[in-house]
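Computed from heavy atoms alone, side chains included, the values below leave out hydrogens, waters and symmetry copies.
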2 protein chains.
Amino acid sequence: MGISKTEGFTSEQNEMSSLFKVLGHPARIAIIQYLMSVDACICGDIVEELPLAQPTVSQHLKELKNAGIIQGTIEGKGICYCVNPQKIQLMSQFLEQVIIKKSNQKTCC
Amino acid sequence: MGISKTEGFTSEQNEMSSLFKVLGHPARIAIIQYLMSVDACICGDIVEELPLAQPTVSQHLKELKNAGIIQGTIEGKGICYCVNPQKIQLMSQFLEQVIIKKSNQKTCC
DNA sequence: TTCCCATATTGCAATATTACGATATTCAAA
DNA sequence: TTTGAATATCGTAATATTGCAATATGGGAA
């Protein structure tokens with residue numbers, strides 16, 4: 001149906017999957033990598049860095065912002081973007097827990 | 001268009017985003033959590049754990065398997081599933097790098 | 001004010017994803 | 001060999017996502 005069922009899942013499961021979903025596109029990974037590649041926040045040359053048209057980049061930035069993964073502050077003419085590590089932390093913790101639990105499991109499979 | 005452009009991105013960006021995309025659904029998060037909640041691999045009661053029909057669960061398991069996030073071995077009548085930590089590790093490392101780089105950045109925004 | 005630049009929004013076409021009924025497959029037990 | 005339980009695949013409908021041209025918006029500068 002294209003619509004994900006959310007009713008039967010916990011809110012943690014729904015929130016976690018929404019976060020991962022946002023990282024599930026190469027352009028959004030590229031945006032994060034670019035934001036990390038410079039030792040400051042980026043004011044307005046993200047569009048030039050990506051192989052996508054300006055409206056498409058704007059859309060991806062919006063999704064990252066909505067998810068709380070990046071934040072943007074208006075800086076004169078343009079907008080200054082940087083990563084907000086809190087949500088990244090949440091995802092990282094989830095994955096680390098999986099790794100830890102797995103390493104404590106009896107071997108199988 | 002519904003189709004993600006992959007040409008302009010690095011293979012690392014494409015591979016990383018494919019991994020995250022697979023975790024971008026509550027059912028697949030729930031499957032992983034369930035696999036971790038028991039101290040062994042799970043042989044055939046995943047369908048009962050999820051609020052989805054059997055073909056749908058089978059489809060989600062397939063995507064997790066294709067991504068290498070879980071592995072399943074045939075065990076008599078059913079199939080025994082467990083998490084493969086390698087790909088989880090890859091995602092975790094990506095996120096940790098972002099956190100580390102961010103903490104080393106000059107404050108901005 | 002008017003112009004210009006950067007970014008956002010709208011609208012739409014193409015494709016992807018999700019869900020599930022129906023059906024196929026696979027294998028162990030009878 | 002047939003039966004039955006577990007899982008996979010097919011087919012399809014509903015919805016979501018992606019990408020971009022066109023257009024709007026929001027400031028600064030002239």
Side-chain angles (χ1 to χ4, degrees), chain A residues 1-9 13-14 17-31 34-35 41-67 69-82 109, chain B residues 1-9 13-14 17-31 34-35 41-67 69-82 109:
Chain A
M1 310 223 169
I3 183 172
S4 297
K5 270 192 160 182
T6 55
E7 315 108 48
F9 301 103
Q13 286 162 348
N14 283 310
S17 63
S18 315
L19 282 178
F20 283 122
K21 192 182 202 175
V22 174
L23 295 192
H25 192 289
R28 298 193 287 260
I29 293 289
I31 288 170
Y34 182 56
L35 288 178
C41 55
I42 299 301
C43 305
D45 45 2
I46 295 179
V47 172
E48 284 78 44
E49 284 294 315
L50 297 181
L52 297 170
Q54 179 268 323
T56 310
V57 175
S58 187
Q59 208 170 259
H60 287 305
L61 286 167
K62 189 182 181 184
E63 284 184 70
L64 284 162
K65 258 191 292 183
N66 285 344
I69 293 172
I70 67 174
Q71 67 190 88
T73 42
I74 298 166
E75 181 86 16
K77 236 197 254 208
I79 291 181
C80 217
Y81 284 107
C82 62
C109 295
Chain B
M1 309 218 177
I3 182 171
S4 298
K5 268 189 157 183
T6 55
E7 314 107 49
F9 301 104
Q13 286 162 348
N14 283 311
S17 63
S18 316
L19 283 178
F20 283 122
K21 191 181 203 176
V22 174
L23 296 192
H25 191 290
R28 297 192 288 261
I29 293 289
I31 288 170
Y34 183 57
L35 287 179
C41 57
I42 299 301
C43 304
D45 44 2
I46 294 178
V47 171
E48 283 79 46
E49 284 294 314
L50 297 181
L52 297 170
Q54 179 267 326
T56 311
V57 175
S58 188
Q59 210 170 255
H60 287 304
L61 287 168
K62 189 180 178 183
E63 283 184 70
L64 284 163
K65 256 190 295 183
N66 285 344
I69 293 173
I70 67 173
Q71 67 192 87
T73 41
I74 298 166
E75 181 84 14
K77 236 196 248 208
I79 292 180
C80 217
Y81 285 107
C82 62
C109 295

Residue pairs involving residues 42-57 of chain A (criterion salt bridge (charged side-chain N to carboxylate O under 4.0 Å, His left out); sequence neighbours excluded): none
dA16(C) OP1/OP2 closer than 4.0 Å to side-chain N/O of Lys21(B): no
Glu63(A) versus Val22(A), closest heavy-atom pair with distance: O-CG1, 4.1 Å
Residues in side chain to side chain contact (heavy atoms under 4.5 Å, CB included) contact with Lys5(A), at least two apart in sequence or another chain: Glu7(A), Phe9(A), Leu52(B)
Touch class at under 4.0 angstrom, heavy-atom based, for Glu48(A) against every strand present: nothing
Whole-Å gap separating C1' (dT17(C)) and CG (Asn66(B)): 15 Å
Toward the 5' end of DNA chain D, by each residue's nearest nucleotide, Pro51(A) or Ser4(A): Ser4(A)
Lys65(A): side chain to side chain contact (heavy atoms under 4.5 Å, CB included) partners, not counting sequence neighbours: Ile70(A), Tyr81(A)
Shorter than 3.5 Å, N or O on both sides, protein versus nucleotides 26-29 of chain D: list them out with atom names.
none

Toward the 5' end of DNA chain C, by each residue's nearest nucleotide, Ile3(A) or Ile79(A): Ile79(A)
Inter-residue atom distance Leu61(A).CG - Gln59(A).CD, 0.5 Å rounding: 10.5 Å
Set of residues satisfying side chain to side chain donor-acceptor pair (under 3.5 Å) with respect to Gln54(B), sequence neighbours excluded: none
Spacing between Leu52(B) atom CG and dA8(D) atom C1', to the nearest angstrom: 16 Å
Test side chain to side chain donor-acceptor pair (under 3.5 Å) applied to Ser17(B) - qualifying residues, sequence neighbours left out: none
Interatomic distance where CD belongs to Glu49(A) and P belongs to dT7(C) [whole Å]: 13 Å
Rounded distance in Å - NZ (Lys5(B)) to C1' (dA14(C)): 14 Å
Integer-rounded Å distance: dT7(D) P and Tyr81(B) OH: 7 Å
side-chain N/O Lys62(A) vs dT7(C) OP1/OP2, d < 4.0 Å: no
Gln13(A): partners by side chain to side chain donor-acceptor pair (under 3.5 Å), with sequence neighbours left out: Thr10(A), Gln33(B)
Set of side chain to side chain contact (heavy atoms under 4.5 Å, CB included) partners for Leu19(B), sequence neighbours left out: Ala67(B), Ile69(B), Lys87(B), Leu90(B), Met91(B)
Nearest-Å distance for atom pair CD/C1', residues Glu63(A) and dA8(C): 14 Å
d(NE2, His25(A); P, dT15(C)) in whole Å: 15 Å
Sorted by number, the residues of residues 53-61 of chain A with heavy-atom contact under 4.0 Å to DNA chain C: Gln54(A), Pro55(A), Ser58(A)
Euclidean distance, atom CZ of residue Phe20(A) to atom P of dT17(D) [Å, nearest integer]: 17 Å
